[in-house]
Amino acid sequence: MMESTFWDLLPRPIIGLAPMDGVGDHAFRHIQKKYGVPMLIYTEFTAADRLEIGDHALLKDFFYDESQRPIVAQVFGHIPDFFRRMAVMLCQLGFDGIDINMGCPAPNIAQRGAGAGLIRTPVLAQEIVRAARAGVREWQEGARLRDDRGAPPHLVAQVEEFEAKLPAAYRQPRAIPVSVKTRIGFDEPVVDAWIPRLLESEPAAIALHGRTLRQGYSGTADWDAIARAAELARQAGVPLLGNGDARSLEDAQQRAADYRLDGVLIGRASYGNPFVFQPGGAEVALAGDPYRLLHIAVEHAQLHAATLSRDRPQRFLGMRKHLGWYARNLPGASGLRRDLVLTSSAEEVEALVTAYLAYRAGWEGTGARPRPAMRQPAQSHG
Ligand SMILES: Cc1cc2nc3c(=O)[nH]c(=O)nc-3n(C[C@H](O)[C@H](O)[C@H](O)COP(=O)(O)O)c2cc1C
């Protein structure tokens with residue numbers, strides 16, 4: 001009998017956090033899971049050839065903590081064997097699933113035949129799914145990254161260090177499912193041609209963004225095309241998650257019901273909104289404390305500083321956009337926002353937020369207008 005995986009066990013509809021390169025790093029995922037509780041989380045995509053290259057920073061994208069389960073690692077590329085090798089490593093890192101990106105529209109990726117480029121080469125797409133599954137099988141049979149002669153020793157050491165800290169259950173051989181995230185077409189919607197070809201490779205699940213590559217992120221997602229794909233997937237017994245423009249938990253649940261889907265992924269609506277997966281969203285969560293998001297911004301920045309940017313402070317710059325998003329709807333916060341997106345450390349963020357809250361408290365207490373928040377660089381750079 002086939003071992004069940006989280007795809008079988010999660011209640012329906014599965015409302016999860018979409019993979020987002022440059023956004024969905026460890027710190028962001030941790031905060032989303034802590035405050036909003038998406039039922040499923042994907043990492044940002046990572047190039048399958050980074051193992052071959054021996055990229056020192058590879059594990060940064062795959063860093064996660066136990067709170068984020070079930071967590072799926074996403075990989076992109078166009079060379080099947082790289083996916084097999086990567087799959088061994090991802091199993092060893094304790095991921096609950098491996099996802100193959102067949103939806104990225106970026107020219108430098110799609111034009112090389114990876115991402116959404118694979119929609120045009122369904123045979124290669126199938127080979128990639130099978131290669132990733134072969135890597136999972138090899139891991140189940142005892143293969144480890146150290147057996148891969150192309151894997152650089154520093155990476156093997158990092159992976160083994162991470163693996164040693166995993167709970168025992170995740171160090172045992174398990175059936176790690178291989179899924180695919182894709183779009184409805186390249187130039188035009190081609191669900192009836194593309195989805196059956198994809199299904200032939202028996203992915204554990206499909207997440208489908210209702211736009212073509214050519215659309216990029218413009219226009220609106222075509223949920224009728226998603227519904228058609230779901231019908232095809234249902235006949236094959238494969239769960240399908242719809243994606244594109246869902247604004248809230250309720251909106252996602254409604255779309256799952258209307259289009260008969262196993263679930264929906266939410267992406268951009270989670271920017272600066274750790275409550276998007278909660279009933280009522282930010283409106284309910286912030287009702288008692290309109291400044292709660294700023295405390296979360298500080299927590300997020302501190303987590304980033306303690307993990308992702310601990311050894312490389314310049315990585316903290318990746319935090320800036322999140323800070324801008326957290327502060328975007330606050331009253332009288334244009335100065336704060338301007339300053340937050342220039343910060344370089346968690347201490348600096350905390351100082352700015354403390355100053356802003358003090359001004360607000362003074363203003364709300366006395367009726368006086370607050371002075372604009374000021375940068376405090378000397379204090380924060382230490
Ligand atoms: C900044 C950004 C980065 C993204 N990175 C990825 C990625 O790494 N992998 C992927 O499959 N999709 C990626 N996507 C696409 C999203 O997962 C999602 O399909 C798309 O944003 C539509 O969903 P939404 O309307 O809920 O945002 C990205 C989207 C954005 C906006």
Side-chain angles (χ1 to χ4, degrees), residues 13-26 28-29 32 36 38 40-48 50 58 60-62 64 71-77 83 86 90 97-110 114-119 125 128-129 132 178-185 198 203 205-223 225-226 229 240-256 259 261 263-273 276-277 281 318-322 324-325:
I14 301 169
I15 310 297
L17 179 64
M20 283 186 290
D21 182 42
V23 176
D25 62 18
H26 161 66
F28 177 78
R29 288 185 253 115
Q32 285 289 327
L40 173 64
I41 285 186
Y42 290 70
T43 66
E44 310 168 72
F45 70 8
T46 294
R50 285 174 71 188
L58 175 55
K60 178 185 81 68
D61 288 353
F62 289 137
Y64 70 95
I71 178 161
V72 176
Q74 198 191 57
V75 184
F76 74 92
F83 285 84
M86 199 64 139
L90 294 172
I98 297 170
D99 189 79
I100 297 165
N101 178 298
M102 300 192 188
C104 179
N108 61 339
I109 290 176
L118 287 165
I119 299 173
I128 287 176
V129 175
V178 174
S179 56
V180 172
K181 180 165 177 288
T182 186
R183 289 185 176 235
I184 55 173
L198 197 50
I206 296 174
L208 187 62
H209 179 188
R211 289 185 174 85
T212 60
L213 167 139
R214 198 206 291 187
Q215 276 179 288
Y217 292 92
S218 65
T220 52
D222 180 347
W223 283 77
I226 294 173
L240 188 134
L241 311 184
N243 167 242
D245 310 334
R247 293 178 306 274
S248 65
L249 175 69
E250 290 80 3
D251 182 26
Q253 287 169 333
Q254 191 62 52
R255 289 175 195 252
Y259 299 100
L261 311 172
V264 167
L265 297 180
I266 298 179
R268 291 165 294 174
S270 66
Y271 288 180
N273 182 3
V276 70
F277 291 95
M319 200 41 232
R320 289 176 168 182
K321 57 184 165 302
H322 295 284
W325 290 331

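These numbers were taken from a predicted model, which means no experiment stands behind them. We count ligands from 1, going down the list as the structure has it; atoms in each ligand are counted the same way.
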Exercise for the section: With sequence neighbours excluded, tell me which residues meet ring pair (Phe, Tyr, Trp, His ring centres under 6.0 Å) with F83. Expected result: none
Handout entry: Residue pair L40, V72: steps toward the side chain to side chain contact (heavy atoms under 4.5 Å, CB included) verdict
Key = CA-CA 8 Å; L40 173 64; V72 176; 3.8 Å; yes
Problem - Test salt bridge (charged side-chain N to carboxylate O under 4.0 Å, His left out) applied to D222 - qualifying residues, sequence neighbours left out - result: none
Fill in the blank from the handout: Sorted by chain and residue number, the salt bridge (charged side-chain N to carboxylate O under 4.0 Å, His left out) partners of R247 (sequence neighbours excluded) come out as D251
Problem - Atom-level proximity to ligand 1, residues with heavy atom under 4.0 Å - result: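 Residues A18, P19, M20, D21, F45, Q74, N101, K181, H209, Y217, N243, G244, D245, I266, G267, R268, Y271 each place a heavy atom under 4.0 Å from ligand 1, listed by chain and number.
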Practice task
Taking only Lys NZ, Arg NE, NH1 and NH2, and the carboxylate oxygens of Asp or Glu, determine whether R268 and D245 approach each other closer than 4.0 Å.
Solution key: yes
Problem - D99 and S179: side chain donor to acceptor below 3.5 Å - result: yes
